[in-house]
2 protein chains.
Amino acid sequence: MIKARRESLQVTQEALAELSSVGLRTIKQFESGKGNPTLHNLQKLTDVLGLEITLKVKSRSDNR
Amino acid sequence: MIKARRESLQVTQEALAELSSVGLRTIKQFESGKGNPTLHNLQKLTDVLGLEITLKVKSRSDNR
DNA sequence: TAAAATAGAGCATTATAGTGCACTTTGATG
DNA sequence: CATCAAAGTGCACTATAATGCTCTATTTTA
């Protein structure tokens, strides 16, 4: 998701690293599916990518 | 947010800890605003709480 | 195809998240 | 007030996320 967004914006991992102040190595791991990023780092990335992390109540069947 | 949701479900931190397999201490820190949880832990919590983490494209003013 | 740019991976180190334990604080109840 | 339950905090230790460096692989381009 992050990766797709980054690519659609035509930004390299390196550029993203600089813009977000998240280490390049970290972004690489993260994008290659090996990460368990902290919320903080995740937010730094989504912030630069113009994405928003939201929490929504999962609508369950018995919810209505 | 997590805290509010937990309370609205009338679940104690302790119960949440057990249900989610996240350490009680961790939940305490997290809820008292001192956390920088990993995505993994955050998901374990939201999962139990019936919440969903979503990423949406932030609509910017100059987007239209 | 050679060179350059971009992405992925191994290794080692540092910073910090996760956790348990014990104690304090706070709020509710008898 | 004494008691109890739920929440918050300090301390210490362990696990792992974050990071840099270097090298390899893949993709792009001349």
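Quick note on labels: first sequence line is chain A, next is B, and so on, each numbered from 1.
- At the phosphate of C:dG8, OP1 or OP2 sits under 4.0 Å from a side-chain N or O atom of A:Q13.
- From A:S32, atom OG reaches atom CD of A:Q13 across 8.0 Å, with rounding to the nearest 0.5 Å.
- Atom NZ of B:K56 sits about 11.0 Å away from atom CG of A:L51, to the nearest 0.5 Å.
- Look at CG on A:L16: it is 13 Å from P on C:dT6, rounded to the nearest Å.
- Residues A:L55 and B:R5 are not in side-chain contact: their nearest non-hydrogen atoms beyond the backbone lie 4.5 Å or more apart.
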Do B:T46 and A:K58 pass the side-chain contact (heavy atoms from CB on, under 4.5 Å) test, and can you show the C-alpha distance, the side-chain angles, and the key distance before you say yes or no? CA-CA 9 Å; B:T46 56; A:K58 213 180 298 177; over 6 Å; no

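- When the P atom of C:dG8 is taken as reference, atom CZ of A:F30 falls 13 Å away, rounded to whole Å.
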Could you please spell out the steps behind the side-chain contact (heavy atoms from CB on, under 4.5 Å) verdict for A:I53 and A:Q43? CA-CA 7 Å; A:I53 302 175; A:Q43 282 179 324; 3.7 Å; yes

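- Contacts between residues 32-45 of chain B and DNA chain C, defined by a heavy-atom separation under 4.0 Å, are made by B:N36, B:P37, B:T38, B:N41.
- Residue-level contact check: B:T12 touches the backbone only, with heavy atoms under 4.0 Å from sugar-phosphate atoms and none from bases.
- Atom CD in B:E7 sits roughly 7 Å away from atom P in D:dA7 (whole-Å rounding).
- A:G35 and A:P37 make their closest contact through C-CD, 3.4 Å (heavy atoms, listed as atom of the first residue, atom of the second, distance).
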N/O to N/O distances under 3.5 Å, protein versus nucleotides 24-30 of chain D:
none

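- Annotation: salt bridge (charged side-chain N to carboxylate O under 4.0 Å, His left out) contacts involving residues 27-44 of chain A, sequence neighbours excluded, comprise A:R6-A:E31.
- For B:E14, the CD atom counts as loosely surrounded, since its 6.0 Å shell holds 12 or fewer non-hydrogen atoms of other residues, nucleotides or ligands.
- A donor-acceptor pair is defined here as one N or O able to donate and one able to accept, closer than 3.5 Å; such a pair exists between the side chain of B:N36 and the backbone of A:H40.
- Separating the CG atom of B:L24 from the C1' atom of D:dA7 is a distance of 9 Å, rounded to the nearest angstrom.
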Mark up nucleotides 22-30 of chain C, 5' to 3', with B wherever a protein heavy atom is under 4.0 angstrom from a base atom, S wherever such an atom reaches only the sugar-phosphate, and - elsewhere. ---------

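- If you take CD of A:Q10 and C1' of C:dA7, they are 16 Å apart, rounded to a whole angstrom.
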Counting only pairs under 3.5 Å, give me each side-chain donor-acceptor contact of residues 15-27 of chain A, with atom names and distances, residues two or more places apart or in other chains.
| from | atom 1 | to | atom 2 | distance (Å) |
| --- | --- | --- | --- | --- |
| A:S20 | OG | A:L16 | O | 2.7 |
| A:S20 | OG | A:V22 | N | 3.3 |

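- Protein atom CD of B:E31 is 11 Å distant from nucleotide atom C1' of D:dA6, rounded to whole Å.
- Rounded to 10 degrees, the angle separating the terminal axes of the helix from C:dT1-D:dA30 to C:dG30-D:dC1 is 50°, with each axis obtained from five end pairs.
- Spacing between atom CD of B:Q29 and atom P of D:dG8 amounts to 11 Å, rounded to whole angstrom units.
- Spacing between atom CD of B:E14 and atom P of D:dC4 amounts to 16 Å, rounded to whole angstrom units.
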Could you go step by step and tell me if A:T38 and A:N41 meet the side-chain contact (heavy atoms from CB on, under 4.5 Å) rule? CA-CA 5 Å; A:T38 55; A:N41 267 342; 3.6 Å; yes

